[in-house]
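See structure below.
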Amino acid sequence: MLAESFQEIINRRRSNRKFDAAIPVPDEVIRRSLERAILSPNSSNMQLWEFYWIKSDAMRKKFVPLCLDQSAAQTAQQLVVFVTRQDLWRKRAAWNLERIKESTAPEPDKWRKKGTDYYGKLMPLLYMNDPFGILTLGRRTLCFVMGLRKPFMRFAGKSDQRITVHKSCALAAQTFMLSIAAEGFESCPMEGFDQIRVKRALNLPSGAEINMIIAVGKGTEKGIWGPRFRVPYEEVVFER
Ligand SMILES: Cc1cc2nc3c(=O)[nH]c(=O)nc-3n(C[C@H](O)[C@H](O)[C@H](O)COP(=O)(O)O)c2cc1C
């Protein structure tokens with residue numbers, strides 16, 4: 001039963017590029033979908049993401065050229081920008097640390113110690129950077145040496161950090177889109193946008209990055225550009 005409903009949602013979610021101008025998307029649909037998106041799995045529960053719900057008509061209009069005049073942006077009833085915030089790692093690590101302190105006994109126990117080490121020591125080790133790349137070099141060396149004899153997580157440079165935050169943010173975007181489908185509406189994820197201008201429009205600092213922009217509305221038949229082609233299962237799934 002649950003699986004059937006889920007299959008229905010998966011089948012329903014298509015990228016739709018032309019939304020019906022006469023059918024608005026209630027704010028509650030977006031709010032519920034964002035609440036669900038926030039429950040997505042994310043690396044170390046660091047939640048290095050933000051979601052900018054473009055609410056005003058003026059701002060939505062401003063976003064049309066920023067999304068390269070794509071029809072999904074032109075006809076969107078609602079627009080949400082998914083943003084990565086790698087730069088907030090200190091704040092989020094401290095936030096997690098607080099939650100651990102609240103939820104574990106004050107006297108030192110195993111979980112408190114583990115959590116404190118994780119967010120107090122490991123996260124700074126993974127996310128801290130310096131202008132000369134010395135920390136990256138240190139992490140690369142550590143990965144190399146430690147990885148010689150046994151499996152070791154290869155996480156060293158800025159690109160590893162960026163990949164991690166974008167992975168988590170994209171999972172939130174997927175939860176959001178599935179939720180929109182479950183609510184009876186359609187969406188279109190967009191990576192066709194001007195990163196610099198979108199950041200400027202949202203007043204974001206240099207450490208933030210745009211993951212994707214999602215247009216939402218009541219989809220139309222015209223908005224579906226064709227059948228759903230996928231490379232065959234056998235070509236992409238391997239059993240070992
Ligand atoms: C990260 C990402 C970026 C995308 N960017 C765009 C885009 O800028 N414009 C667009 O029309 N579709 C965009 N798409 C939608 C894809 O083209 C679409 O998901 C794909 O063709 C599969 O079709 P389906 O979503 O209907 O299953 C994007 C999808 C993803 C996941």
Side-chain angles (χ1 to χ4, degrees), residues 3-21 25 29-30 33-34 36-38 40-43 48-54 59-86 159 161-202 204 208-237:
E4 274 170 32
S5 308
F6 186 62
Q7 186 65 50
E8 220 177 288
I9 294 166
I10 295 289
N11 293 344
R12 192 199 158 100
R13 190 219 56 79
R14 290 292 318 273
S15 296
N16 202 301
R17 281 108 179 171
K18 194 169 171 31
F19 302 106
D20 191 330
V25 181
V29 167
I30 302 297
S33 299
L34 283 170
R36 290 169 188 147
I38 287 168
S40 301
N42 67 94
S43 180
L48 294 169
W49 54 31
E50 280 174 349
F51 313 101
Y52 289 79
W53 181 359
I54 307 303
M59 194 67 158
R60 217 170 23 250
K61 273 198 193 110
K62 189 174 175 175
F63 263 76
V64 174
L66 302 190
C67 294
L68 317 180
D69 290 317
Q70 295 196 47
S71 62
Q74 282 186 27
T75 60
Q77 293 284 340
Q78 300 266 14
L79 213 55
V80 179
V81 185
F82 285 68
V83 175
T84 63
R85 290 301 304 264
Q86 191 185 324
S159 58
Q161 296 164 343
R162 290 186 60 226
I163 288 168
T164 294
V165 294
H166 278 279
K167 273 191 256 188
S168 296
C169 196
L171 288 174
Q174 172 71 340
T175 304
F176 178 79
M177 288 187 281
L178 292 178
S179 168
I180 292 295
E183 295 275 357
F185 290 93
E186 278 69 42
S187 63
C188 183
M190 295 181 284
E191 62 191 348
F193 54 78
D194 183 325
Q195 170 92 230
I196 294 172
R197 287 190 169 84
V198 171
K199 277 176 68 171
R200 208 179 290 148
L202 296 174
L204 289 168
E209 287 186 12
I210 311 302
N211 176 255
M212 63 182 97
I213 302 177
I214 301 187
V216 181
K218 189 76 190 168
T220 61
E221 253 177 59
K222 266 192 174 171
I224 300 282
W225 282 355
R228 205 177 201 182
F229 299 128
R230 290 294 190 267
V231 173
Y233 180 93
E234 294 70 30
E235 216 174 309
V236 292
V237 180

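We count ligands from 1, going down the list as the structure has it; atoms in each ligand are counted the same way.
- In this structure the side chain of Ser187 never reaches within 4.5 angstrom of the side chain of Asn16, judged on heavy atoms.
- Scanning for ring-ring contact (aromatic ring centres under 6.0 Å, His included) contacts around Phe185 gives an empty result, with sequence neighbours left out.
- Between the side chains of Ser179 and Arg36, a donor-acceptor pair is found at a separation under 3.5 Å.
- Sorted by chain and number, the heavy-atom contacts of ligand 1 below 4.0 Å come from Arg13, Arg14, Ser15, Arg17, Gln70, Cys188, Pro189, Met190, Glu191, Gly192, Arg228, Arg230.
- Tyr52 pairs with exactly one of Leu79, Val80, Leu202 by the side-chain contact (heavy atoms from CB on, under 4.5 Å) rule, that one being Leu202.
- Judged as a side-chain hydrogen bond (donor to acceptor under 3.5 Å, both in side chains), and not counting sequence neighbours, the contacts of Thr175 are Ser40.
- Ile163 pairs by the side-chain contact (heavy atoms from CB on, under 4.5 Å) definition with Lys167, not counting sequence neighbours.
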